[in-house]
Amino acid sequence: MTATEVFLQQVIYGLSNGMIIALVALGYTMVYGIVELINFAHGDVFTLGGFLALTIVGALGAAAVLNPDTLGDSSHWLLLATLVIGAGLFCGGLNVLIDRVVYKPLRSAPKLTQLVAAIGVSFILVNIALFWGGAPMKILGNGNAAAASKNFPEILEGSNLLGEESNVVLRLEDLAIFAVTIPLMIGLTLFVKHTRLGRGMRATAQNPIAAKLMGIDTDRVISATFLIGGFLAGAASVMWSVYNNSISFQMGFRAGMDAFTAAVLGGIGSLPGAMIGGVLIGLIRSLSDGYIETRWTNVVVFGVLILILVFRPSGLLGLKQREKV
Amino acid sequence: MISTLTSTLANFALLCTLTVSAHAADTIKIVSSLPRTGSANAQTTSMVNGIKMAIAELGAKIGESTLVYEDWDDASPQKGNWDPTVEAQNADKAIADAEVMAYIGTYNSGAAKISMPKLNAAGLVMVSPANTAPNLTKTGFGEPNEPAVYRPSGKINYFRVVPTDDVQGAVAADYAKELGATKVFVLNDREVYGMGVAAVFEKRAKEIGLTVVGTDGIDYKAANFKSLVTKMKQAGADLVYFGGTTQTNAGQIAKDIVSGGLKAKLIVPDGCYEKAFIESAGAKALEGRCFITFGGVEAKALKGKGAEFYANYKKTYGGEPEGYAVYGYESAKVVLSAMQKLHAAGTAITRAGVLAEVSKTKGFTGALGTWSFDENGDTTNRVMSVNTVVAGEFATVKVSGLDAGQ
């Protein structure tokens, strides 16, 4: 491989991984923007999305669904769309449920209480994933070693789009990530900018009390935020599973950590910030893996984060928080 | 419950009579300390069955003395795994019981670190059916004070019948060469076991003329290793060795090698010799390109006395033995053989006598072939199998070290 080819390849991987991180980061940043809560359970909601996707695939029988005779050549994309929407709605619903049951009663409690509650929820979800990976998965033939990572069947055809002889590998999976994440991001931006509910969100983020006085149903806005954040996490988890061909009960830990870092890097509370942050983290990871050493990658990622925060304490696109008096 | 209670009472009664009579010729006790609580239980049951078979073959008698075997658990429900507290208690209990002449265990190398110094000071022989960490017996693999720290008396009382990881890494390197590899890339998971076995692989690979084109310690919690695969591709690697386990993401590495278009074979150690590895990687990513080394051979491939063991085991217990069953059997056999020799010589069976006889074990013909204990207490048995995956199941492709015995 020539140096250019290697660079190109690492950029492809970096962007693909980064887009997934960005999608998860949006959930963190939106929730923080509205209720000022770092939702540590977000990564584990993401995990359960992957488990749901594998369960759907197992229940449908991937081989049968992907048979061109039953659904035609578009069956791959149809299955992918089903999974994205299914896992998205599931994760969105779960996120709203968690908010209603755990966070809402604590809304006026000190911030630290909410944070600890979020960590608690995270533990509960990880254990649900462990349980889900045992007996329930076995029924569908996905193996019952709960703690081991599980194989996720190849949903998109895996051949190299640049030809089998090419040194640079670009697969349908890479393109699918862009095909799913970019429209979602554009949709989200338009939604927040131009709809009534979106305006409500921006208002609540700026000043919840004033928003309430203006007649905005802030509870509804908060629920919508958790729903959308969860939906994006669900969509991201499907893309993650399809891209890596595996799921594991711990997958949300690293994904969540990267996404949270991305949200902070981009400026927490800022939507474009989370997107840029995610892509940046993906690129830094892949270039560090390729040009430095895998063992140093975490050091590089957090080194860059510290450096950026030193010069821009509120992140790349974050607004300077006005001190509340 | 009642049976454990009565046996505890019986032990107590025996202990009382012993302290009075101080003569231990009538009952000889062998104990094992293996994990009974948690996921290793199936493996332990199999090893215990092996020990019981060895004792039953002698009619539970050495001369006039009765052999008594006790199966102790070194795990706790709190941990669901071996527990240092329980292992320490087991060692103390064995030392305090004057009838105990041999201690079979442990399963986990970490547990051995707890009981080894205690039993060593007491001069009680310990035989492990399953510990593979080389630093328990050899210098240059772990901390500078290892293994001396496990031998406070300065003598060796710890023996094992299973080949260690330094053998395993070397066998993997030799097999890499056999596969026609010339440029190898060595990865590890940055855990004690994985780094150890990868270091041996790397050393051996260099000795036999393979070029090590790169090494790296992976971050096993990463989502994927695609960028690393690109780096290995750039380095021109035609074989990848990963010192790690299913739990440290060996399956993902196997998959990313395929999806990243790296045309290289993959070799992994026995930490991946479990069904869960095939489940996580997917058979497609492994078939024809991944090889797994394992200390010993699968039970049904054993020869000679091993084949007899396999047939008897199936007859007695009605199921396939787990991988380590034969090692449990062999551990008991070597201890019993020492006792028989003492008896034949007309010597009293004492802890010191049994220890001396076990350490003299040379050219022992058992279920694992003919082997000896070396100066460190390790088996000279070097039997290793290389396995691959065929139609979703492990299949042995090569067995090495059959001629290395003695």
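Since this is a predicted model, take the numbers as computed values, not measurements. Chain identifiers are assigned alphabetically (A, B, ...) following the order of the sequence lines, protein sequences preceding nucleic acid strands; residue numbering begins at 1 within each chain.
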Peer 1: Is the closest side-chain heavy-atom distance between B:Glu279 and A:Asn151 below 4.5 Å?
Peer 2: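 They are not in side-chain contact.
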Peer 1: Starting from the C-alpha separation in whole Å, work towards a yes-or-no answer on side-chain contact (heavy atoms from CB on, under 4.5 Å) for A:Val169 and B:Ser259.
Peer 2: CA-CA 8 Å; A:Val169 180; B:Ser259 74; over 6 Å; no
Peer 1: Using 0.5 Å steps for rounding, measure from the CG atom of A:Asn244 to the CG atom of B:Asp256.
Peer 2: 6.5 Å
Peer 1: CZ/A:Arg285 to CG/B:Asn224 distance, rounded to the nearest 0.5 angstrom?
Peer 2: 10.0 Å
Peer 1: For chain B, which of A:Trp296, A:Trp240, A:Phe152, A:Tyr243 has the most heavy-atom pairs under 4.5 Å?
Peer 2: A:Tyr243
Peer 1: Just one of B:Gln234, B:Lys233, B:Lys231 clears the side-chain contact (heavy atoms from CB on, under 4.5 Å) bar with A:Val6, so which one?
Peer 2: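 That would be B:Gln234; it is the only one of B:Gln234, B:Lys233, B:Lys231 passing the side-chain contact (heavy atoms from CB on, under 4.5 Å) with A:Val6.
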Peer 1: Please report the shortest heavy-atom distance between B:Ser227 and A:Ser286, naming the atom on each side.
Peer 2: OG-CB, 3.1 Å
Peer 1: If you measure from OG1 on A:Thr297 to CG on B:Leu228, what distance do you get to the nearest 0.5 Å?
Peer 2: 9.0 Å
Peer 1: I would like to know whether A:Asp289 and B:Lys226 meet side-chain contact (heavy atoms from CB on, under 4.5 Å); could you show each step before the answer?
Peer 2: CA-CA 9 Å; A:Asp289 277 359; B:Lys226 291 175 195 280; over 6 Å; no
Peer 1: For A:Phe178, does the CZ atom have more than 12 heavy-atom neighbours from other residues, nucleotides or ligands under 6.0 Å away?
Peer 2: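 Check passes, neighbour count above 12.
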Peer 1: Against chain B, work out which of A:Asn17, A:Ile12, A:Asn160, A:Thr2 has the most heavy-atom pairs shorter than 4.5 Å and name it.
Peer 2: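 Most heavy-atom pairs within the cutoff with chain B belong to A:Asn17.
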Peer 1: With a 4.5 angstrom heavy-atom cut-off, which part of A:Ile292 approaches chain B: side chain, backbone, both or neither?
Peer 2: backbone
Peer 1: Between A:Arg171, A:Glu173, A:Gln10, which shows the greatest number of heavy-atom pairs under 4.5 Å with chain B?
Peer 2: A:Gln10
Peer 1: For the side chain of A:Glu293 and the backbone of B:Gly217, is there at least one donor-acceptor N/O pair under 3.5 Å apart?
Peer 2: no
Peer 1: At a heavy-atom distance under 4.5 Å, which candidate from B:Arg190, B:Lys255, B:Lys221, B:Lys284 has the highest pair count against chain A?
Peer 2: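 Between B:Arg190, B:Lys255, B:Lys221, B:Lys284, the count favours B:Lys255.
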Peer 1: Less than 4.5 Å apart, any side-chain heavy atom of B:Thr230 and any of A:Met1?
Peer 2: yes
Peer 1: So, do A:Asn298 and B:Asp219 sit near enough that their side-chain heavy atoms are less than 4.5 Å apart?
Peer 2: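 Heavy-atom side-chain distance check passes, below 4.5 Å.
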Peer 1: Answer yes or no: does atom CZ of A:Phe7 have more than 12 heavy-atom neighbours from other residues, nucleotides or ligands under 6.0 Å?
Peer 2: no
Peer 1: Which region of B:Ala281, side chain (C-beta onward) or backbone (N, CA, C, O), has a non-hydrogen atom less than 4.5 Å from a non-hydrogen atom of chain A, or is it both or neither?
Peer 2: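 Interface part for B:Ala281: backbone (N, CA, C, O).
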